[in-house]
Amino acid sequence: MSTQPAHGDATIAVSDELAARDDMIVCREVDKWFGDFQALSGISATIKEQEIVVVLGPSGSGKSTWIRCINRLEAHQSGQIIVDGIELTNDLRNIEKIRSEVGMVFQQFNLFPHLTVLDNITLAPIWVRKKSRPEAEELAESLLERVGIPEQAQKFPGQLSGGQQQRVAIARALAMEPRVMLFDEPTSALDPEMIKEVLDVMEELARSGMTMMVVTHEMGFAREVADRIIFMEEGEIVEVGTPHHFFTEPAEERTKLFLSQVL
Amino acid sequence: MTDPMLPPASTAMGAEPVIPAASPPDRPSLPPGRWIRENLFPNTRNSILTIFAILIALFAYRGLLNFMFSEERSWIAVRTNLRLMFTQAYPEHQYIRVWVTVGTIMVLAGVSAGIWARWGGVTVKRLMGWLMSGGVLTAAGVLVREPSVLTDAAGESVRDDAGELVRESFAAAMADRWVWWAIAIALLALGLVLWTSLDDLRRRTIEIPVAWLIFGLPALLVASTWVVRYGHYGFTEGEFIAEPGQLVAMTTRVPWTFMWLILVASFALGRAARDRAIASAQAAEETPNGGPSDEGADDDAVPELPRGALARTRTSVNLLWVLSPFFLYWVVMRDPEIDYAHVFSTMLPMGLAFGAAGAAVLWLLTRSDAGEVGRLAAIGLLLLAAFHWVAAYFGWYSMLQVARIAFLLLAVAGLLAPNFAGVAAQRRRLVGAWLFMVLIAFYGATVINSPSTVETPTDMFIGGFSVTLLVSVLTIMLSFPIGVLLALARTSRQPIFRVLSTIYIEVIRGVPLITLLLFFSGVLPLFLPDGMELAELAAAILGYTLFSAAYLAENVRGGLQSIRRGQYEAADAVGLTTTQRTGFIVLPQSLRVSIPPLVGQVIATFKETSLLAIIGLFDFLRMANSVIPNQSQFLGVRRENLLFVSVVYWVVAFAMSKYSQRLEQRVGLGQR
Ligand SMILES: Nc1ncnc2c1ncn2[C@@H]1O[C@H](COP(=O)(O)OP(=O)(O)O)[C@@H](O)[C@H]1O
Ligand SMILES: [Mg+2]
């Protein structure tokens, strides 16, 4: 990274040595400790542009930790994470740049409760992307249309159902026009009847060509939508494969055991 | 506990009468007799407790009444010195300045209320409750107060052989107080008539707009000064005037009538602006939020419209509030004699130079490619600004105070520059803000440094309640940002900020306020750089500000800790910078959580201004406690004044506390 010029906004070059051009996320031997506890050990994986990757694994296996390392909500201690050709280091500008390229949807929605739905969505486009307010509002309205709740723009998050809140959260992430979307168990906090409305939005997003990395326990979604499935346990990647391979002929014993428990 | 922002219950029913969501419609209210039996005397134990409590209350009430109406009281001292207590010895012929000040506050208050207030209504039932309680209290007062002392023909109290005061008989006393009986009966009768003429549902659902009460009661008071002979008392040009049975002086009646008119007119203006903004917004949206349009619904159902013309009006009203104390105190009350030669030779050119140079610097710093160089330049500016203060302390070179302040402002603007970088509109906004700050700073410095032309017997031209108000308002305004910064520093990840702010807060909280005040008024001037003086008043405000900031910081910190981690993560994930995350996400939420303790601190500050007397200022309390008792006409009259002063303090503090409760309810919406 030392070859980069020290100033300028469009100058963070996609260097060929770091990753191939259509590699959206590259992880190489990523390790992460919480104190003495190793949450991720030697994670290596590549996610191509427009690819949908679903991450499966038992609770506590490090799925969230990994996905959160990718936009630097957690800092990894060794190894490389390269997003859209930019390596994640302690350099604040790289972090800000990557965060505006990567959208994230949380299990608990994490909407801003003191702002209306519209303001939740337009805040970052206005202040980070420097869009004008009318422009940002127009974008927000079209996104709300896209996630199916155009009539809720003036409400506050607390006035919406869980499923609606999660769809607002997706719209908020999309408003930054990200190149990648990360989902950390987006449906786990929802009542069963609301899960489908969120999954439908995610499917539509996948069809539109968005690169997505999804941690979920929805096996149906994994089977139907994923291009690849990554199975993790105890901070390691155990098995990688297509849904067909994964659900019909898993190679590893641990994968079989996991599948027998969840299916 | 109705949520004002949730329109469903009240609008969905539509049919009138609208039933407020707070009272379940299926439980009719009890008739007064049954209510009393069920709530006050439900069983023997509670009956005993009730009677006991009533006896204690009556005893205290009797004591208060006997005190207030005793022949030994000389309320005339309070009535005569009203102006003194509120404005000290502000010269009579300049009194128009006082009225301009009060008028400005009325305009701002009226417009603000018009734009913001959602007062709603009071049910007839509650109103009847108040009326009847008032009647009962008055009647009880007439009964329990001791009979008056007999007076002889010369107006002297009659004493018996043992020297005891002779009082009239109970029957005579009751007969003498016929006016009070009339009032009590009128109140009770009004309440009862209202009660019987309405059925229960109507009693609980018909609402009187609170605005009527808020403007109506002062209207009654003001109107009564034109009719009722309250008597005319005062010191006019040093002359003691006591004319019982006269109308209140014209110089009191006319201005207050004006003030009332101004208040109502500005309220109407603010309301009209709000209604127009709402109407145009609804016209633009056709069907707002898919719900039935809530015409006819009361104020509570009006949705918040934070954007557009209304938002601009609100911002400007806020700005006017912030600027008004400086303007009113230094310009209107003080009437500074501005040295125009100095203005044209120094202040104006210097201000222009600062404005232009600063604008150029900021324009450069907000270029999209300013990057790291820009940040370094801003830090350089900060160091330069800091150096000027250090140099001032050691007296290396002289510089106008305002220039030091301007350098500091420029440094702050420079540090904020990255948030405005890139887009032309945003860059212009920052430069505009800078020019505005320069204008304020240079104008303020000119005005503050010009001598006052108002001549008073003491060296202070402001005193009494005005100084109490000025100190509390400025203290609150100045300590708020400092408190927030301290709280942020104390929760910051930077150890140096954390340590410094913790030490500061803990030291201040461990020191009595009095010592701080004495320190700032007496000791601090010794430490100040050469040529810098600190007026007594400024020293006091500084002491209060630093004190109050430490407490506010702790309250804000409580709010900061209540913000969940997910909020920080979500803000980070959408790419907000740390400043933006703090300003848009963390602070707004934590300030809402800390409204009750913050208002508590504001009230405490207001009351603690009574310590000003100790460092020699003539505040409200000192007027009552030592100035009036030293007047030759009212030697030793103190208790009456103290009671009056307490009531005024209480009214203001109570109003603030009520307001905070409403504010809490209103912003409660944002919190799920
Ligand atoms: N902030 C943290 N501090 C310490 N341990 C953590 C922290 N976050 C996660 N862990 C631990 O790391 C492991 C992986 O957690 P996580 O990534 O949340 O798992 P998953 O999302 O797969 O359920 C767990 O054992 C968890 O207890
Ligand atoms: Mg998880």
Side-chain angles (χ1 to χ4, degrees), chain A residues 5-11 68 71-74 92-93 95-116 118-121 123-133 137 150-159 169 172-173 175-176 178 182 184, chain B residues 3 5-6 8 281 285 287-291 303-308 368-375 418-427 563-581 583-592 667-672:
Chain A
H7 60 272
D9 50 358
T11 52
R68 288 154 58 82
N71 67 351
R72 200 63 168 196
L73 290 181
E74 304 278 3
L92 264 178
R93 279 172 309 150
I95 295 174
E96 280 169 15
K97 179 101 181 103
I98 286 179
R99 280 182 179 158
S100 60
E101 299 300 337
V102 177
M104 173 122 183
V105 176
F106 301 85
Q107 180 176 353
Q108 299 297 342
F109 328 138
N110 292 347
L111 292 178
F112 306 130
H114 61 299
L115 300 178
T116 61
L118 195 70
D119 289 334
N120 261 281
I121 301 176
L123 184 69
I126 290 174
W127 288 95
V128 182
R129 285 269 187 255
K130 313 281 184 190
K131 279 192 192 326
S132 73
R133 186 175 278 281
E137 283 181 359
E151 71 287 350
Q152 312 287 2
Q154 295 299 341
K155 289 204 183 153
F156 285 88
Q159 295 168 296
R172 178 177 70 181
M176 287 295 289
L182 308 177
D184 188 2
Chain B
D3 202 336
M5 303 288 299
L6 280 173
E285 294 239 334
T287 39
N289 304 340
E304 193 88 20
L305 285 170
R307 261 179 285 282
S368 56
D369 59 357
E372 206 62 11
V373 182
R375 289 181 200 211
N419 288 319
F420 296 85
V423 183
Q426 303 257 20
R427 296 170 77 186
I563 309 294
R564 280 169 309 148
R565 216 177 96 191
Q567 292 292 308
Y568 289 86
E569 293 181 346
D572 285 342
V574 291
L576 296 183
T577 63
T578 315
T579 326
Q580 291 166 343
R581 182 183 72 193
F584 295 135
I585 308 300
V586 178
L587 271 185
Q589 291 187 58
S590 52
L591 289 181
R592 273 159 215 241
V667 301
L669 171 83
Q671 307 288 323
R672 79 205 49 261

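Each chain gets a letter, A, B and so on, in the order its sequence line appears, and its residues count up from 1.
Under the 3.5 Å distance criterion, the side-chain polar atoms of B/Arg581 are left unmatched by any main-chain donor or acceptor of B/Leu576. Within the 3.5 Å criterion, the main-chain N or O of A/Arg99 finds no donor-acceptor partner in the side chain of A/Asn71. For the pair A/Arg129 (side chain) and A/Ser100 (backbone), a donor-acceptor distance under 3.5 Å is present.
Of the two parts of A/Gln107, neither the backbone nor the side chain holds a non-hydrogen atom closer than 4.5 Å to a non-hydrogen atom of chain B. Within the 4.5 angstrom heavy-atom criterion, only side-chain atoms of B/Gln426, from C-beta onward, approach chain A. Heavy-atom distances place the backbone of A/Leu111, and not its side chain, under 4.5 Å from chain B. With a threshold of 4.5 angstrom between heavy atoms, B/Ala573 approaches chain A through its backbone and through its side chain.
By the 30° and 60° cut-offs, the orientation of the rings of B/Phe420 relative to A/Trp127 is perpendicular.
With sequence neighbours excluded, the residues that form a side-chain hydrogen bond (donor to acceptor under 3.5 Å, both in side chains) with B/Gln580 are B/Thr577.
The closest side-chain heavy-atom distance from A/Ile121 to A/Glu137 is not below 4.5 Å.
Ranked by heavy-atom pairs shorter than 4.5 Å toward chain B, the options A/Gln108, A/Met104, A/Met176, A/Arg68 are led by A/Arg68. In terms of heavy-atom pairs under 4.5 angstrom with chain A, the leader among B/Ala571, B/Gly575, B/Ala570 is B/Ala570. Counting heavy-atom pairs closer than 4.5 Å to chain B, the top-ranked of the candidates A/Ile95, A/Val105, A/Asn110, A/Leu182 is A/Asn110.
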